[in-house]
Amino acid sequence: MENNKVLETIGLTKYFYDPVKFKVLTSIDLSIDHGEFVSIVGKSGCGKSTLLYLLSTMDTDYEGQILIHNELVTGKADKVLAQIRNENIGFVFQFHYLLIEYNVLRNVMLPGMKLAKYSEQELEHRALEHLKILGMEDQALKMPNQLSGGQKQRVAIARALINDPLIIMGDEPTGNLDKRNSDLVFDIFRELTVEKKQTLLIVTHDTDFANKTNRIITMEDGRIVS
Amino acid sequence: MNFKLILNIALHLLQARLKQTIVAAIGVTFSIAMFIALVSFMNGLNKLLDGLMLNRTPHVRLYNDIKPTEHQPITLAEAYQKNTNFIRSIKPKDIGKSIYNGKAIISYLKKDSRIIDVAPKITSSVFFNSGTIEISGVINGIDVLSEEKIFRISEYIIEGKVTSLLQNNSIILGKGLANKMLLTVGDIVKITSPNGNLTSLKIVGISQMGISDVDDVMSYTSLGTAQKILGEPTNYITDIQIQLHDKTIAPELSKEFRHKFNLDAIDYKTVNSQFETGSKVRNVISYAVGIVLLIVAGFGIYNILNMMIYEKMDSIAILKATGFSGNDVKWIFISLSLIIGFVGGMFGLLFGFVFSSIIDVIPFRTSSLPTITTYPIYYDSVFYVIGIVFALFTTTIAGYFPASKASKVDPVEIIRGK
Ligand SMILES: Nc1ncnc2c1ncn2[C@@H]1O[C@H](COP(=O)(O)OP(=O)(O)O)[C@@H](O)[C@H]1O
Ligand SMILES: [Mg+2]
């Protein structure tokens, strides 16, 4: 590999058509290297979430190109994209989305079971390791509705980690948490970059949070301004 | 695709909505149970009515019909070979009802591997003398043991025993006939044959087939007694009745024997064509009702799955965000539907069997059917196979549309919508 790029976009442009046609993202060129801890900031409504959904391959309705690990993902089939998400991208949402039908441990294991790289026992072991790092080991057998907001977010992070993804993306993962929990989540992210060289791309409107990251991308009206 | 995982997810989704799932499954259970009970009952009824008529009819019957000679002299005359000949007022020719060389034909037929058994018979119309009046009727001279083996005639004897016919000069009368003449077992009845012979016979039994047209005229006696009444020699028989292993070949065999023995032959299908129609109609009814019930159950499943998808939008979005493809999601919901169909269907089979067993013991007595004491049920594993296939098929169809809808859920919309 000639470079170290995990994620790259070339001229990413997106329109919304409802209620009127308008350009949300204008020619976004972006590149993230392995091991970087990047935050995206900007006013509410400037297109941060929209950009993240494009990068996560869940939204495919755009112009321009997205490359993950120097490989073009634009135009790939739904099945291939699902595979890419499963293997390479860990996602943490603002509203800690966990499957209410499964307990904590199973929630963490699920993307791993889909990937089927490890046996079930190995997966369980790995999931418990991750939960342990996040201080959630003793909650492993609880159901999601028995957890606090901060705890749910930690489970979501453990789930994002289970397949050793190239990059973890977060859309305001601390937006819904109090200061103490939000610091806790930040510390976890910090540790992940330092100890595991985990690449992170986190959207936030919390400037304290952003200031502590390696690199800040500022957006304004669908453009990257710095 | 990892079916174990997909099944596991489907099961967990179901568990979280256990009550709705059970309601959906009960719909399937109910329709399959009704289908099984209905089909078993209808077929029981068919078999009963078949038994009433078809089992009393030999698969193939050989006899001599009264009819005109097929080749009239003029068609044999060389001079008129190429002409179209019109002949008026042809009269049938009586070649006698007796089957020539009957014994030899019977022993030949008994060696045929397609044939279970052969029973000779003499049928003749006679007059029963009761006081000053004469009642017309029919006397059947039968080979008691063969007749019993083929037609289980003893089932229709309500008084006395069929084996009593083995005694000389004994007769079994149809119930209607006996009632008309005010005769019972042990009495003597006088019979006048077509050629004027008068014979006295002892009544040893009363028979009832359940068809009053038959019971009003029918009587049974042994071959020997019949020959004596009619004043015929001991090789005289008028019918040869043939019972086959496979009754479906009866029409072909009847044709074959017609040529081989130069006799008239008729198969049971031709005799009872209207009964077949009734059986078919009953079958169509039971399948139609079963299918209608299943369609209703299918709509139930469709509704519940649609509702479930609506409630599970978050879960679908998470699955998609974490790497499950639209196809995976579709299979999750199809398996969900299949689980409902399979579990509901299996219980349906079980309850169907229970319902049939209950119907089977409900008393049902009618004077026209002396051998029947309960409602008829026919048990056949084929119905159960059809039932479960029906259940799986309908639930798959019912699940397919909601499943495709689920596969198209846009996770971004859900995640953004919060
Ligand atoms: N589905 C949609 N249809 C039309 N407009 C949308 C849709 N989703 C978001 N928008 C608009 O796009 C802009 C960017 O939204 P978003 O990316 O969520 O902003 P941010 O995350 O930076 O707050 C907003 O003006 C928002 O109203
Ligand atoms: Mg946003």
Side-chain angles (χ1 to χ4, degrees), chain A residues 14 16 18 49-50 52-54 56-62 76-103 106-116 120 123 143-145 156 159-160 162-163 165 169 171-172 175-176, chain B residues 1-21 304-305 307-333 335-336 339-340 403-418:
Chain A
K14 179 169 174 75
F16 278 126
D18 195 32
S49 297
T50 308
L52 210 61
Y53 297 139
L54 292 186
S56 75
T57 76
M58 282 191 280
D59 188 348
T60 52
D61 179 22
Y62 59 84
K76 290 252 164 73
D78 170 70
K79 216 181 147 165
V80 180
L81 292 178
Q83 177 74 22
I84 290 171
R85 277 200 295 283
N86 184 234
E87 208 173 338
N88 298 326
I89 303 172
F91 217 96
V92 184
F93 311 103
Q94 176 174 5
F95 299 93
H96 24 74
Y97 275 85
L98 297 178
L99 288 171
I100 54 166
E101 294 85 6
Y102 283 104
N103 67 20
R106 285 264 148 184
N107 259 289
V108 176
M109 286 166 68
L110 207 61
M113 282 158 77
K114 167 70 189 161
L115 187 63
E120 205 164 316
L123 264 180
M143 296 308 282
N145 59 2
R159 182 182 62 196
I162 191 76
N163 285 340
M169 299 182 188
D171 190 3
E172 311 203 19
N176 208 31
Chain B
M1 216 180 314
N2 186 345
F3 272 102
K4 205 176 132 209
L5 179 59
I6 279 173
L7 211 62
N8 185 293
I9 295 172
L11 279 172
H12 274 84
L13 289 176
L14 281 179
Q15 265 169 26
R17 275 270 153 256
L18 203 57
K19 231 191 241 163
Q20 285 177 3
T21 308
I304 285 168
L305 279 187
M307 219 154 73
M308 204 179 248
I309 285 163
Y310 204 73
E311 286 172 3
K312 297 291 176 192
M313 282 294 187
D314 284 2
S315 302
I316 296 169
I318 300 168
L319 288 172
K320 286 196 158 182
T322 55
F324 287 81
S325 64
N327 219 17
D328 293 333
V329 172
K330 190 198 276 176
W331 275 106
I332 288 171
F333 281 87
S335 353
L336 219 136
I339 292 168
I340 295 177
S404 320
K405 203 162 108 188
S407 79
K408 292 193 192 91
V409 166
D410 180 4
V412 174
E413 221 168 280
I414 311 299
I415 293 165
R416 195 193 275 284
K418 274 272 167 164

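Everything quoted here is computed from the prediction, not taken from an experiment. By convention in this document, chain letters (A, B, ...) are assigned in the order of the sequence lines, proteins followed by strands, and residues within each chain are numbered from 1.
Interface check for chain B: of the options A:Asp171, A:Ile100, A:Leu110, the most heavy-atom pairs under 4.5 Å are formed by A:Leu110.
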- Task: For B:Ile415 and A:Tyr53, run side chain to side chain contact (heavy atoms under 4.5 Å, CB included): C-alpha distance rounded to whole Å, both residues' side-chain angles, the deciding distance at 0.1 Å, then the answer.
- Result: CA-CA 10 Å; B:Ile415 293 165; A:Tyr53 297 139; 3.4 Å; yes

- Query: After noting the C-alpha distance and the side-chain angles of B:Arg416 and A:Thr50, does the key distance pass the side chain to side chain contact (heavy atoms under 4.5 Å, CB included) rule?
  - Reply: CA-CA 9 Å; B:Arg416 195 193 275 284; A:Thr50 308; 3.1 Å; yes

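Of all heavy-atom pairs spanning A:Met113 and B:Asn2, the tightest one is O-ND2, 3.5 Å. Closest non-hydrogen pair, B:Gly323 versus A:Lys114, comes out as O-CE, 3.4 Å. The shortest heavy-atom contact between A:Ala82 and B:Phe324 is CB-C, 3.9 Å. Residues B:Thr322 and A:Asn86 approach most closely at O-ND2, 3.0 Å, considering heavy atoms. The shortest heavy-atom contact between B:Ile414 and A:Tyr97 is O-OH, 3.4 Å. Nearest heavy atom pair, residue B:Lys320 against residue A:Arg85, reads O-NE, 2.8 Å.
Interface remark: B:Ile318 contributes side-chain atoms only to the contact with chain A (heavy atom separation under 4.5 Å).
A side-chain donor-acceptor contact under 3.5 Å links B:Asn8 and A:Tyr102.
Annotation: the span from B:Leu14 atom CG to A:Glu101 atom CD amounts to 10.0 Å, rounded to 0.5 Å. Considering CZ of A:Arg106 and NE2 of B:His12, their distance stands at 6.5 Å, rounded to 0.5 Å. A:Asp78 contributes atom CG, which lies 5.5 Å from atom OG of B:Ser325 (distance to the nearest 0.5 angstrom). The distance from atom NZ of A:Lys79 to atom CG of B:Asp328, rounded to the nearest 0.5 Å, is 7.5 Å.
Around OH of B:Tyr310, the count of heavy atoms belonging to other residues, nucleotides or ligands within 6.0 Å does not exceed 12.
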